Amino acid sequence: ALCLPMAVYMLHDQTQAAELERTFIAIKPDGVQRGLIAEIISRFEQKGYKLVAIKLVVPSKEFAQKHYHDLSERPFFNGLCDFLSSGPVLAMVWEGEGVIKYGRKLIGATDPQKSEPGTIRGDLAVVVGRNIIHGSDGPETAVDEINLWFKPEELVNYTSNAEKWVYG
Ligand code: ADP
């Protein structure tokens with residue numbers, strides 16, 4: 001009699017685990033201006049991750065400084081914040097098992113010269129100052145960045161039809 005509820009509980013638990021991890025991904029003004037939105041989104045979509053929030057915004061310089069506050073001591077900080085606030089940024093939240101770490105793999109190394117072919121920066125960018133995309137670098141940053149860029153009601157809760165095929 002205990003078996004069935006247990007099995008249901010475990011199935012539920014696994015589904016939850018697959019849904020739990022979220023990361024903040026942004027296409028920077030260079031990626032938007034170069035017409036790379038569809039190409040970049042398709043890589044996350046085709047992998048099997050689920051889009052839970054998306055919006056096009058021009059961040060203020062103050063907002064860019066908040067986003068990159070960890071880098072405030074770096075010599076390129078001011079130019080970086082000017083650049084991020086220079087045009088539209090496509091802000092997104094993607095969800096899936098391991099999406100924070102593997103999302104960074106899909107993106108490639110910070111310097112496109114060091115990014116492997118097959119990665120977004122390796123295939124689509126040339127220099128570090130115009131590397132087209134941002135992705136959270138860990139679980140705490142992911143939470144902070146999602147909260148900075150999105151209100152809770154902008155995160156859309158839905159069941160993806162593909163989930164049972166992506167996760168089995
Ligand atoms: P990542 O974006 O890969 O997490 P960092 O957090 O180290 O990398 O840096 C944030 C952003 O700052 C980079 O994506 C890049 O746009 C810019 N940046 C990093 N290093 C340099 C540099 N040496 N010169 C100019 N811009 C840089």
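Atoms within each ligand, like the ligands themselves, are counted from 1 in listed order. Keep in mind it's a predicted model, so treat the numbers as computed, not measured. Both backbone and side-chain heavy atoms feed into the values below; hydrogens, waters and symmetry mates do not.
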From Val58, Val89, Leu90, residue fulfilling side-chain contact (heavy atoms from CB on, under 4.5 Å) relative to Pro29: Val89

Aromatic ring pairing Trp149/His67, orientation class (parallel under 30°, perpendicular over 60°, tilted between): perpendicular

Separation of Leu124 CG from Arg43 CZ (nearest 0.5 Å): 5.0 Å

All salt bridge (charged side-chain N to carboxylate O under 4.0 Å, His left out) counterparts of Lys164, not counting sequence neighbours: none

Pair Trp94 and Phe44, ring centroids less than 6.0 Å apart: yes

Asn131 side chain near Lys28 side chain, heavy-atom distance below 4.5 Å: yes

Those atoms of ligand 1 less than 4.0 Å from some heavy atom in Arg104: 1 (P), 3 (O), 4 (O)

Asn131: numbered ligand 1 atoms lying under 4.0 Å from its heavy atoms: 13 (C), 14 (O), 15 (C), 16 (O)

Identity and distance of the protein heavy atom lying nearest atom 12 (O) of ligand 1: Leu80 CD2, 3.2 Å

Contact check: Thr110 vs ligand 1, nitrogen or oxygen atoms, below 3.5 angstrom: yes

Within-cut-off N or O pair, Lys28 and ligand 1, under 3.5 Å: yes

Check against side-chain contact (heavy atoms from CB on, under 4.5 Å), Met92 and Ile41: CA-CA 9 Å; Met92 296 177 277; Ile41 286 181; 3.8 Å; yes

Residue and atom name of the nearest protein heavy atom (relative to atom 2 (O) of ligand 1), distance in Å to one decimal: Arg121 NH2, 3.2 Å

Nearest neighbour in protein (non-hydrogen) for atom 15 (C) of ligand 1: Val128 O, 3.4 Å

Identity and distance of the protein heavy atom lying nearest atom 6 (O) of ligand 1: Leu71 CD1, 3.9 Å

Option with minimal heavy-atom separation from atom 27 (C) of ligand 1, where the choices are Tyr68, Phe76, Phe83, Phe77: Phe76

